[in-house]
2 protein chains.
Amino acid sequence: MTKTVDPSADRPARAADRIRASASELFYREGIRAVGVDEVVERAGVTKPSLYRSFASKDDLAAAYMRDYEANFWEKFEKPGGKSYSDAREHVLAYIRILSSNAVAEGYRGCGLSNATVEYPSRDNPARQVAGAHKKLFRKRLRELAALMGARQPAVLGDALLLLIEGIYSTGQQSEDGPAQSALAVAKLLIDASVAKR
Amino acid sequence: MTKTVDPSADRPARAADRIRASASELFYREGIRAVGVDEVVERAGVTKPSLYRSFASKDDLAAAYMRDYEANFWEKFEKPGGKSYSDAREHVLAYIRILSSNAVAEGYRGCGLSNATVEYPSRDNPARQVAGAHKKLFRKRLRELAALMGARQPAVLGDALLLLIEGIYSTGQQSEDGPAQSALAVAKLLIDASVAKR
DNA sequence: GTGTATACGTACCGGTCAGTAACATTGTCA
DNA sequence: TGACAATGTTACTGACCGGTACGTATACAC
């Protein structure tokens, strides 16, 4: 350990944090390749050497952006609208309700992790690796929730929900007047058709 | 020798065509932003001025790529596996069967049109405009097919299929072992749950 | 042959990009 | 007050990028 941590007051916002915040916003909105490091540091109000003191390369910064994005995602997914759900069906539907409403808003840009995969096809890109690991986890989580819903084939319902959600991410940024509008209805249809009637 | 213009054989493949072919392959596989015009012309076996005689700019070339991609898409969609279908349900299922099988193959890169939208968030980008117009058309076509299937709510089933297909495009390039495996089952579920029983 | 149009290549430009070297400045704590 | 860590300042590099000015070869018309 280096020294004592500040006990009360908030820090003056470290350069690395300002850079992460700036990169997150710019990378998400405009894409990673489209944004230069100069733009990132300018918006963060810091200078380029500060960036390279905290991050080995732009790729490394992009990977950090991915990790931040993922953390933020899980917050929003596990507590849609800031609320906890005990019922798996209500949980997933709440997420999709909020998501599809955001997805038809102007300037929606989909999922930062999925987008990074499009920007960096190469499997050994650091950002892509983070994104890939996340998607694997997300798939597992959705299958889990599908099982909790009582699906006859939890793997299929989980995959169905994942395909639907990725479809919302994708089409949401293609048009404000797209199929995301129907997503909630589709989700209900999917779940109800997958859960054993009794 | 250098001269000798063979009179019978097919033309030596015009520079513009070679460039379109080269661009299509490279842009699809690596992304548009990731590929420089030098790489395009080198692969085409021509030189840069030839590119700029046929295309006003790289953006313009990208738009041409989009148009070529779209034409190719419609061929594959309207005749999945080279076969015509009179039954709408079978038609859509055939497309999804082939698509999801491709989507789990190594090196799959999703839909070039959707990917371009991710790479170019700005609405006035030429490539993005072609992509946007296409997606609008595709949505209309899917609703049409949904109506032909006898869906209670053709708009919802059409949107459901579009969300599913875009989900396949997206997840297919994220992993070879992804939810696209379940896509055909999901499509059947979706259609059967949407078509009026009798 | 000589004009003329078409198709293509050689060589280059200015700008931007990621990344770095060297040094100055500040704030914090002991 | 002195030392240290974090940050700023300035200036630079080499690679690459989109784009272009300009010269060249072939084919056909007359």
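Both backbone and side-chain heavy atoms feed into the values below; hydrogens, waters and symmetry mates do not. Every chain is numbered from 1, with letters handed out A, B, ... down the list of sequences.
- Under the side chain to side chain donor-acceptor pair (under 3.5 Å) criterion, the residue pairs touching residues 100-113 of chain A are R109(A)-Q173(A), with sequence neighbours excluded.
- Atom CZ in R18(B) sits roughly 15 Å away from atom C1' in dG9(C) (whole-Å rounding).
- Taken residue by residue, residues 117-132 of chain B places no heavy atom nearer than 4.0 Å to DNA chain C.
- Looking at residues two or more places apart in sequence or on another chain, you find a side chain to side chain contact (heavy atoms under 4.5 Å, CB included) between R141(B) and W74(B), F77(B), E78(B), H91(B), E144(B), L145(B).
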Taking protein heavy atoms under 4.0 Å as touching, what does nucleotides 10-26 of chain C look like 5' to 3' if B marks base contact, S marks sugar-phosphate-only contact and - marks none?
B-------BBBB-----
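- For the 3.5 Å distance criterion, the side chains of Q153(A) and S194(A) fail to qualify, holding no donor opposite an acceptor.
- When hydrophobic residues (I, L, V, M, F, W, Y) are linked wherever their side-chain heavy atoms come within less than 4.5 Å, Y85(B) remains an isolated member.
- Residue L51(A) contributes atom CG, which lies 14 Å from atom C1' of dG8(D) at whole-angstrom precision.
- The separation between E30(B) atom CD and dC17(D) atom C1' is 16 Å, rounded to whole Å.
- In this model, the phosphate group of dG8(D) is approached by a side-chain N or O of S50(A) to a distance below 4.0 Å at OP1 or OP2.
- Atom CZ in R14(B) sits about 16 Å away from atom P in dT26(D), given to the nearest Å.
- Counting only residues at least two apart or on different chains, the ring pair (Phe, Tyr, Trp, His ring centres under 6.0 Å) pairs with a member in residues 27-49 of chain B are F27(B)-Y65(B), Y28(B)-Y69(B).
- For residues 57-67 of chain B, the set of pairs meeting the salt bridge (charged side-chain N to carboxylate O under 4.0 Å, His left out) definition, not counting sequence neighbours, is empty.
- Hydrophobic clustering, defined by side-chain heavy atoms of Ile, Leu, Val, Met, Phe, Trp and Tyr closer than 4.5 Å, leaves V104(B) isolated from every other such residue.
- Under the salt bridge (charged side-chain N to carboxylate O under 4.0 Å, His left out) criterion, the residue pairs touching residues 114-132 of chain A are R123(A)-E176(B), with sequence neighbours excluded.
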